[in-house]
Structures are given as structure tokens and as C-alpha cells.
Engineer: 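Following this message is one structure expressed as C-alpha cells.
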Amino acid sequence: NLIIEEFEALDVELLKQVGDVIRKKAQNTVGFLVNRNGERVNFVCAVTDDLISANKVKAGDLVRDAAKIAGGGGGGRPHLATAGAKDISKLDEVYQYLRKRLETLS
């Protein structure tokens, strides 16, 4: 399962808390939260423990690769990671990447 949600000018710490809620309440799920801030964008990625323990996907890898598409970088832990990017016009490409990457897990 992939949850993608966009927000406008929120504190990244709040999005991390939302990511933690997704991790606690869901299974087999990746949450990808997008925070638009003018022409810049921040990503918070949360991955449920069952996906991590099955060695299927890690939040740090997903968010790093997604941020590269939009001219940025980031990383973090397997269950929760953040990134920043400069090119907000690349969001559709980021979403396509995430969908394709997660399709390979099934």
C-alpha cells in the first residue's frame, strides 16, 4: 500500500509524527508525505516494520532516490526518513517512481 499526501508549509516535525501514526496503524504500507513550501519541497517517508523486516524496502532509500529526481537529497532510518528538493515541478515523476518501485515488491 502506498499513501501519498501533500501539505502546504507545515512543520516537518509534524509530518514525522503523521508518519509514525501511519507506521503504528498500518501494515504493508509506505507513507510518503510531501510538504510544499514555495518552490521547494520536503519529503517524509514512513515504512511499516513488516516491509522492513522482509527486506523489501527502507524509508531512507526511497526518500533519497525520490529526492534525487526533484533535485535534492536526504535519507534517514529504515522506518522514517526525510529529504528536501528544489524542483517542485518534478513531483509527478517522483510519484511515478514510487509507484513503479513498490510494484516490484509484490
Side-chain angles (χ1 to χ4, degrees):
N1 298 319
L2 174 62
I3 299 169
I4 297 174
E5 198 65 46
E6 289 188 14
F7 300 90
E8 189 76 34
L10 287 183
D11 183 2
V12 173
E13 291 302 315
L14 179 60
L15 293 183
K16 288 181 185 178
Q17 292 173 14
V18 173
D20 282 336
V21 170
I22 290 169
R23 292 187 60 254
K24 290 176 185 170
K25 302 257 182 197
Q27 289 186 343
N28 199 36
T29 300
V30 171
F32 197 82
L33 310 175
V34 179
N35 188 40
R36 294 170 174 258
N37 216 347
E39 290 301 312
R40 299 184 64 89
V41 65
N42 296 99
F43 303 131
V44 174
C45 183
V47 175
T48 55
D49 290 338
D50 55 334
L51 290 177
I52 296 166
S53 62
N55 286 322
K56 290 192 172 186
V57 67
K58 294 179 182 168
D61 297 341
L62 276 179
V63 83
R64 180 187 60 244
D65 294 343
K68 283 181 187 176
I69 294 168
R77 297 169 295 192
H79 65 282
L80 188 68
T82 62
K86 299 174 186 173
D87 193 350
I88 203 166
S89 71
K90 300 283 186 178
L91 282 179
D92 284 339
E93 289 178 46
V94 168
Y95 300 156
Q96 287 175 4
Y97 158 75
L98 291 169
R99 289 182 184 103
K100 286 181 183 177
R101 172 70 176 87
L102 295 180
E103 281 175 6
T104 66
L105 301 181
S106 34

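Along the sequence shown, residues are numbered consecutively beginning with 1. Computed from heavy atoms alone, side chains included, the values below leave out hydrogens, waters and symmetry copies. Worth saying up front: this structure is predicted, and the values here are computed from it rather than measured.
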Engineer: Ala46 and Leu80: which non-hydrogen atoms are nearest, and at how many Å?
Structural biologist: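 Smallest heavy-atom distance, with atoms named: CB-CD1, 3.9 Å.
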
Engineer: Assess whether side chain to side chain contact (heavy atoms under 4.5 Å, CB included) is satisfied between Asn28 and Leu51, documenting all intermediate values.
Structural biologist: CA-CA 6 Å; Asn28 199 36; Leu51 290 177; 3.0 Å; yes

Engineer: Can you tell if the side chain of Val30 reaches within under 4.5 Å of the side chain of Asn1, non-hydrogen atoms only?
Structural biologist: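 No. Closest side-chain heavy atoms not under 4.5 Å.
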
Engineer: Out of curiosity, does Ile52 fall in the hydrophobic cluster containing Val21 (side-chain heavy atoms, cut-off under 4.5 Å, transitive links)?
Structural biologist: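 No, no single cluster joins them.
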
Engineer: Side chains of Ile3 and Ile22: closer than 4.5 Å at any heavy-atom pair?
Structural biologist: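 In contact.
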
Engineer: Look at the aromatic rings of Tyr95 and Phe32 and report parallel, tilted or perpendicular, splitting at 30° and 60°.
Structural biologist: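 It falls in the perpendicular class, over 60°.
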
Engineer: Which heavy atom in Val63 sits nearest to a heavy atom in Gly74, and how many Å separate them?
Structural biologist: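 Closest approach of Val63 to Gly74: CG1-C, 4.5 Å.
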
Engineer: Find out whether Asn35 and Val44 are in side-chain contact, i.e. whether some heavy atom of one side chain is under 4.5 Å from a heavy atom of the other.
Structural biologist: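 They are not in side-chain contact.
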
Engineer: Quick one: does Asp87's side chain have a donor or acceptor within less than 3.5 Å of a partner on Gly71's backbone?
Structural biologist: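 Answer holds: no.
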
Engineer: Is Lys100 salt-bridged to Glu103, cutoff N-O under 4.0 Å?
Structural biologist: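 Answer for the salt bridge query: no.
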
Engineer: Kindly give the heavy-atom pair with the smallest separation between Lys16 and Thr82, and that separation in Å.
Structural biologist: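 Nearest heavy atoms, Lys16 then Thr82: CE-CG2, 3.5 Å.
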
Engineer: Measuring from atom CD1 of Ile69 to atom NZ of Lys90, what distance do you get when rounded to the nearest 0.5 angstrom?
Structural biologist: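 Going from the CD1 atom of Ile69 to the NZ atom of Lys90 covers 9.5 Å.
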
Engineer: May I have all residue pairs that pass salt bridge (Lys or Arg N to Asp or Glu O under 4.0 Å) and include part of residues 63-75, sequence neighbours excluded?
Structural biologist: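 Applying salt bridge (Lys or Arg N to Asp or Glu O under 4.0 Å) to every pair that reaches into residues 63-75, excluding sequence neighbours, yields Asp61-Arg64.
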
Engineer: Answer with yes or no whether the hydrophobic clustering places Leu14 together with Leu33; edges join I, L, V, M, F, W, Y residues whose side-chain heavy atoms lie under 4.5 Å apart.
Structural biologist: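 Hydrophobic grouping puts Leu14 with Leu33.
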
Engineer: What closest approach, in Å, do Ile88 and Gly38 show between heavy atoms, and which atom pair accounts for it?
Structural biologist: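 Closest approach of Ile88 to Gly38, heavy atoms only: CD1-O, 3.7 Å.
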
Engineer: When you look at Arg99 and Tyr97, which way does the side chain to side chain contact (heavy atoms under 4.5 Å, CB included) test go after all the steps?
Structural biologist: CA-CA 6 Å; Arg99 289 182 184 103; Tyr97 158 75; over 6 Å; no

Engineer: Specify the closest pair of heavy atoms between Cys45 and Ala59, including all atoms of both residues, with the distance to one decimal.
Structural biologist: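 So the minimum-distance heavy-atom pair works out to O-CB, 3.5 Å.
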
Engineer: Thinking salt bridges, do Glu39 and Lys86 make one under a 4.0 Å N-O criterion?
Structural biologist: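 Result for this pair is no, no salt bridge flagged.
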
Engineer: Using modelled atom types only, decide if a donor and an acceptor are shared between the side chain of Thr48 and the backbone of Ala26 within a distance under 3.5 Å.
Structural biologist: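 No, the answer is negative, given that no donor and acceptor are paired below the 3.5 Å cut-off.
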
Engineer: With side chain to side chain contact (heavy atoms under 4.5 Å, CB included) as the criterion, how do Val47 and His79 come out once you've worked through the C-alpha distance, each side chain's angles and the decisive distance to 0.1 Å?
Structural biologist: CA-CA 5 Å; Val47 175; His79 65 282; 5.6 Å; no

Engineer: Let me see the working for Val57 and Arg101 under side chain to side chain contact (heavy atoms under 4.5 Å, CB included), right down to the final yes or no.
Structural biologist: CA-CA 9 Å; Val57 67; Arg101 172 70 176 87; 4.2 Å; yes

Engineer: Can you name the side-chain hydrogen bond (donor to acceptor under 3.5 Å, both in side chains) partners of Lys58, sequence neighbours left out?
Structural biologist: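 Expected list: none.
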
Engineer: What heavy-atom pair brings Gly84 and Ala67 nearest, and what distance separates the two atoms?
Structural biologist: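 Nearest pair, atom of Gly84 first, then Ala67: O-CB, 4.0 Å.
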
Engineer: Under a single-linkage definition using a 4.5 Å side-chain heavy-atom cutoff for Ile, Leu, Val, Met, Phe, Trp and Tyr, are Val41 and Ile4 assigned to the same hydrophobic cluster?
Structural biologist: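 As far as the 4.5 Å side-chain criterion goes, Ile4 and Val41 are connected within one cluster.
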
Engineer: Given the rule that I, L, V, M, F, W and Y join up when any side-chain heavy atoms are under 4.5 Å apart, are Leu15 and Val34 in one cluster?
Structural biologist: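 Leu15 does not cluster with Val34.
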
